[in-house]
Amino acid sequence: MALPISSMAIAAWIFILCAAALDSAHAFQSPRLSHPAKRNSNVIVRSASSSTDDASPPTLNVAIVGAGPSGLLLAHRLLASRAIRATVSIYETRSDYRLQDNIVSGSSRAYALGLGPRARQAIKSVDEQLWTEVSSRGYPCDRFTLHVTPKIKLRLRDGVKKLPRKYNGASVIKFEEQGDQQADPEVVEPSVLIYQTDLCAALADGLEERYGRDAGGRVQINFDTRVSEADVKGRYLSIQTEKFGSETTTVGPFDFVAGCGGDNSPVREGIAKAAPEGTFEAETRNLPGSFKVARLLSMPPLLDPTSVALVLPSKPKTDSETTTVGPFDFVAGCGGDNSPVREGIAKAAPEGTFEA
């Protein structure tokens with residue numbers, strides 16, 4: 001089975017953010033927290049105001065800005081930790097991607113992702129059940145095909161391969177002996193193709209089922225909530241709700257705030273403002289190219305429905321001679337990133353009067 005999208009980037013997507021969510025998320029801690037600390041995997045915290053009795057782990061009031069894969073997985077890790085007892089509030093600008101209206105309207109993010117060994121290991125670090133819940137919403141796939149032309153294609157990967165018994169870099173399926181015949185002892189699990197919204201929905205459902213209102217109330221996911229500012233020194237967040245038409249409200253204070261909201265993270269900006277000069281640097285750059293999602297009603301006949309397909313774009317035919325049309329009273333450039341209208345304005349405009 002294949003998703004209706006041609007993208008080889010699936011195999012190497014940004015899910016390493018999830019694998020390192022606890023290490024790399026932009027965050028700030030309360031002055032109440034200090035080291036040395038109780039340790040559980042990557043989580044190291046101790047609250048000076050909490051009991052030091054080992055039978056009663058320290059409490060931690062956490063805010064996570066962004067309900068994407070890394071923010072949701074971070075919440076799972078914190079809430080599952082035995083070294084602390086965390087209460088987590090998650091703030092997400094988007095509407096709830098699990099609502100049917102958002103799914104039907106296509107307003108939710110529908111691009112496909114590929115969960116390989118690192119993503120699988122990150123999710124399983126919570127427990128096997130969470131991985132089962134996530135993978136059940138995707139499509140296992142172990143074939144990758146490069147289409148150079150309509151007639152030339154290269155099979156980059158064709159099914160799973162056996163690995164040495166001492167291999168430690170990926171999840172492995174172990175088969176038991178069946179009678180006198182023994183199946184392959186160790187085979188790499190296929191990648192799981194999944195829509196970003198389905199991945200987030202599985203992680204969010206898992207959080208609410210385990211820690212939501214009916215299970216202790218230790219987690220709350222606040223959709224349609226924009227964090228406009230992060231006050232690092234005061235440990236507060238400024239938020240807006242009612243689809244951002246409401247007045248700004250201050251929430252907090254928190255012991256720990258993690259910024260998992262993407263490029264324009266208010267947490268990163270808050271840290272940059274509060275950090276002493278020269279101690280914190282952050283840079284945002286636009287990557288070359290563009291990303292677009294195409295939904296197809298049926299699988300094109302030249303594509304293998306059991307394989308991920310990377311289709312190299314063909315060059316547009318330029319057999320005809322260039323023809324000049326016009327003049328026009330008004331020309332609008334609505335052609336996207338590489339608009340010839342924008343380029344024409346930039347060439348004609350006096351120096352310093354137009355920037356793109």
Side-chain angles (χ1 to χ4, degrees), residues 13-27 40-43 60-81 84 86-99 102-103 108-116 118-138 192-227 237 239 254 256-268:
W13 74 292
I14 312 177
F15 201 86
I16 54 174
L17 285 176
C18 288
L22 298 180
D23 294 324
S24 61
H26 298 283
N40 178 41
S41 184
N42 293 337
V43 183
L60 194 68
N61 185 22
V62 178
I64 297 177
V65 181
S70 60
L72 295 170
L73 184 58
L74 174 60
H76 271 285
R77 290 289 300 271
L78 289 171
L79 291 164
S81 173
I84 58 174
T87 300
V88 178
S89 299
I90 304 175
Y91 300 94
E92 170 58 48
T93 303
R94 293 175 291 167
S95 298
D96 192 339
Y97 28 68
R98 298 168 295 178
L99 298 178
N102 293 332
I103 297 174
S108 57
R109 299 178 184 177
Y111 55 85
L113 308 170
L115 307 184
R118 293 192 66 180
R120 184 165 48 243
Q121 184 180 13
I123 296 173
K124 285 187 175 182
S125 68
V126 177
D127 56 42
E128 291 284 343
Q129 180 60 32
L130 183 60
W131 169 248
T132 299
E133 295 168 0
V134 168
S135 59
S136 66
R137 305 195 189 194
V192 173
L193 309 184
I194 187 171
Y195 284 118
Q196 198 262 12
T197 47
D198 290 336
L199 170 61
C200 291
L203 294 173
D205 285 345
L207 282 172
E208 292 184 339
E209 289 170 3
R210 300 173 188 211
Y211 312 105
R213 182 181 303 174
D214 298 330
R218 294 173 57 199
V219 67
Q220 182 176 3
I221 306 177
N222 304 278
F223 290 100
D224 293 320
T225 303
R226 179 172 64 186
V227 176
L237 296 177
I239 65 172
F254 299 98
F256 184 85
V257 175
C260 305
D263 295 340
N264 302 313
S265 170
V267 177
R268 182 194 298 120

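Only this structure's heavy atoms are used, side chains among them; waters, hydrogens and symmetry mates stay out.
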Looking at every heavy atom in both [X] and [Y], which two are closest together, and how far apart are they?
X: A215; Y: E209; result: CB-O, 3.6 Å
X: L203; Y: V134; result: CD2-CG2, 4.0 Å
X: A67; Y: L72; result: O-CD1, 3.4 Å
X: L60; Y: I84; result: CD2-CD1, 3.8 Å
X: I90; Y: A75; result: CD1-CB, 3.9 Å
X: A63; Y: L237; result: CB-CD1, 3.8 Å

Is any side-chain heavy atom of [X] less than 4.5 Å from a side-chain heavy atom of [Y]?
X: R120; Y: L115; value: no
X: R210; Y: Q129; value: yes
X: V65; Y: C260; value: no
X: T87; Y: V62; value: no
X: K124; Y: L130; value: no
X: V257; Y: I64; value: no
X: T225; Y: E92; value: no

Could you list the residues that satisfy salt bridge (charged side-chain N to carboxylate O under 4.0 Å, His left out) with D205, not counting sequence neighbours?
R98, R137
Within the distance-only criterion (no hydrogens, no angle test), does the side chain of [X] pair as donor or acceptor with the backbone N or O of [Y] below 3.5 angstrom?
X: S135; Y: W131; value: yes
X: S81; Y: R77; value: no
X: R218; Y: A86; value: yes

Can we call the ring centroids of Y91 and F223 under 6.0 Å apart?
no
Rounded to the nearest 0.5 Å, the CG atom of N61 sits from the CZ atom of F256 at a distance of 12.0 Å
State which residues pass side chain to side chain contact (heavy atoms under 4.5 Å, CB included) with Q220; sequence neighbours excluded, sorted by chain then number.
N222
Partner residues of D224 under the side chain to side chain donor-acceptor pair (under 3.5 Å) criterion, sequence neighbours left out:
S95, K243
